[in-house]
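The next block holds one structure in the form of structure tokens; read it before the comments.
Here is how names work: the chains are called A, B, and so on, in the same order as the sequence lines, proteins then strands, and each is numbered from 1.
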Amino acid sequence: MNELASSLADLLTQYSLLTAFTLVGLLTLLAEFLSRTCTSGRIHPSALAIALGLLLALVAGWLTGGKKGVADLPMLAGTGLLGGAMLRDLAIVATACSVRAEEFLRSGLWGLLSLALGLGTSFTIGGLIAWCSGYRDAVSVTTIAAGAATYIVGPVTGTALGADSEVLALSVAAGLVKAVVVMLATPVLADSMQLNSPRAAMIFGGLLGTNSGVMAGLAATNPRLVPYAAMTATFYTGLGCLIGPSLVYLIVRLLLPVTGS
Amino acid sequence: MVIYGTALLATCLLLGSILGRSIGWLIGLDSDLGGVGIAMLLLIGSLSLLRKRQWLPAATESGIQYWSLLYVPIVVAMTASQNVIGALAGGLTAAAAGFIPVAACFLLTRLLVRCSSPEQTP
């Protein structure tokens, strides 16, 4: 009996991608059931599935002490592959097959404007919060400010500037909080933001920028709009990594006396 | 054939990522500058070209469609493999630095969307 159990567990580990498909299918089924019975359809099943996913990641992180949520459990390692950068990017690009090219061109300027505004806002507020938390050196302030952009911009900027590992971890944490907040808040606030046209989605993607947050948030709101938001959001992290260690650092250094760096 | 669609999709993503990384490298940056966005433009461009010449049978298109329909499940898998503990471990500074800019950007989204209402073209 024990042998059978362990060989079944081996099978689930060996075929971990299939296990991941099954897990996500079950999560979606549960989400659809909860959406229909507990919220009488008011909360979108995808939003619930995403919230359930985060909850599972929390429990798994607590159990394993790892950084990859349920993917740290050997049996569910396939979830990391299914939800990893490669297949995620493949699916995002695939959504572009339903895009109307002229809409991109017509809203291109709004997309650029929102990118500039979004990066500016996140860096400014992030920097102010770092300052209020007692950080006074330009490197730390810039790194935490970059974390407020995305959890990739933070460590890239911090590494380029040679920030302390504690500050690096803080910037990653800030970016993660941002992603989670966007995932959960977007479906709730979509109506009040009039997030219902391709142009609005491009603006939203450029302002918020956090890829995972924007994509999960919109998936639960209106999947048709995903490619438009993805188009601008995908440039956010790249631009953030570009201006973080250069322009933003210079500005912060002008505004702060350089201490301890 | 379905594989033509999936192969086209994969090629676009690979080319886009290569271009994104090359641009990053050119400006002295060890990161991808908009590779996914470039890949999307490549796919949109090549699809419209193929459609015009009527070289896009339904089977080929379904090789792309399948992946775009898998998008939401993939996002669920992504959220289930996030470092949620890491987000909580950052304490109050991380919570504030993550939350307040989001609130501000949500407000800005509302504002910009209003300003850009479809009647006026920018």
Side-chain angles (χ1 to χ4, degrees), chain A residues 24 27 46 49-50 53-54 56-58 61 67-71 79-80 82-83 87-97 99 101 109-110 118 121-122 125-126 129 133 144 148 156 170 173-174 176-178 180-182 193-194 199-200 203-204 207-208 215-216 219 231 234-235 238 241, chain B residues 9-10 12-13 16 20 24 27 29 31-37 39-40 43-44 47-48 61 64-65 67-68 70-87 89-90 93-102 104-106 108-110 112-114 116 118 121-122:
Chain A
V24 173
L27 268 182
S46 302
I50 284 159
L54 285 174
L56 275 188
L58 178 70
K67 289 180 174 170
K68 291 184 292 183
V70 297
T79 316
L82 184 62
L87 292 181
R88 188 199 62 197
D89 289 349
L90 190 74
I92 291 169
V93 175
T95 60
C97 72
V99 146
L109 276 180
W110 288 104
T121 310
S122 291
I125 299 180
I129 289 166
S133 308
I144 295 169
V156 167
L170 194 59
L176 285 171
V177 170
K178 177 174 184 179
V180 172
V181 171
V182 175
M193 288 186 289
Q194 296 175 315
R199 175 172 297 171
I203 291 172
F204 176 71
L207 277 170
L208 272 308
M215 298 179 187
M231 179 59 93
T234 177
F235 284 100
C241 292
Chain B
L9 173 61
C12 286
L13 179 53
I27 50 181
L29 204 70
S31 97
D32 186 334
L33 206 73
V36 173
M40 289 171 88
L43 185 70
I44 295 170
L47 281 181
S48 78
E61 208 169 351
I64 303 168
Q65 212 103 54
W67 285 101
S68 84
L70 265 190
Y71 174 76
V72 174
I74 283 176
V75 163
V76 173
M78 177 190 80
T79 57
S81 35
Q82 293 282 312
N83 184 7
V84 181
I85 297 275
T93 306
F99 183 80
I100 299 174
V102 171
C105 287
F106 272 132
L108 274 174
T109 305
R110 196 179 153 155
L112 275 193
V113 170
R114 281 239 176 109
S116 74
T121 347

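Between the side chain of A:Arg199 and the main chain of B:Ser116, a donor-acceptor pair closer than 3.5 Å is present. Of the possible donor and acceptor atoms, none in the side chain of B:Tyr71 sits under 3.5 Å from a partner among the backbone N and O of A:Ala94.
Closest approach of A:Ala216 to B:Met78, counting heavy atoms only: CB-CE, 4.5 Å. In terms of heavy-atom proximity, A:Thr79 sits nearest to B:Ala80 at CG2-CB, 4.2 Å. Residues B:Ala104 and A:Thr121 share a closest heavy-atom pair of CB-CG2, 3.9 Å. When all heavy atoms of A:Ala91 and B:Ile74 are compared, the pair lying nearest together is CB-CD1, 3.8 Å. A pairwise comparison of heavy atoms in A:Ala148 and B:Pro101 identifies CB-CG, 4.0 Å as the closest pair.
For the atom pair A:Leu87 CG and B:Leu13 CG, the distance stands at 10.0 Å (nearest 0.5 Å). Note: A:Arg88 CZ to B:Ser81 OG = 10.0 Å, rounded to the nearest 0.5 Å. Atom OG1 of residue B:Thr93 and atom CD1 of residue A:Ile144 lie 6.5 Å apart, to the nearest 0.5 angstrom. Considering OG1 of B:Thr79 and CD1 of A:Ile50, their distance stands at 6.0 Å, rounded to 0.5 Å. Of the inter-residue distances, the one linking A:Cys97 atom SG with B:Gln65 atom CD reads 4.5 Å to the nearest 0.5 angstrom.
Note: A:Leu207 leads A:Leu207, A:Ile125, A:Leu208, A:Asp89 in heavy-atom pairs under 4.5 Å with chain B. Among the candidates A:Val180, A:Val24, A:Val93, the residue making the largest number of heavy-atom pairs closer than 4.5 Å to chain B is A:Val93. Taking B:Asn83, B:Val76, B:Leu108, B:Val84 one by one and counting their heavy-atom pairs under 4.5 Å with chain A, the maximum is reached by B:Asn83. Most heavy-atom pairs under 4.5 Å with chain A, from the set B:Leu112, B:Leu70, B:Val72: that is B:Leu112. The candidate from A:Val181, A:Leu27, A:Leu56, A:Ile203 with the greatest count of non-hydrogen atom pairs under 4.5 Å with chain B is A:Ile203.
Only the side chain of B:Leu47 comes within contact range of chain A, judged by heavy atoms closer than 4.5 Å. Interface residue B:Leu43: only side-chain heavy atoms are found under 4.5 Å from chain A. Both the backbone and the side chain of A:Leu82 have a heavy atom closer than 4.5 Å to some heavy atom of chain B.
Counting non-hydrogen atoms of other residues, nucleotides and ligands closer than 6.0 Å to CZ of B:Phe99 gives a total of 12 or fewer.
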(request) Give the C-alpha distance, both sets of side-chain angles, the deciding distance and a yes or no for side-chain contact (heavy atoms from CB on, under 4.5 Å) between A:Met193 and B:Val113. (result) CA-CA 7 Å; A:Met193 288 186 289; B:Val113 170; 5.8 Å; no
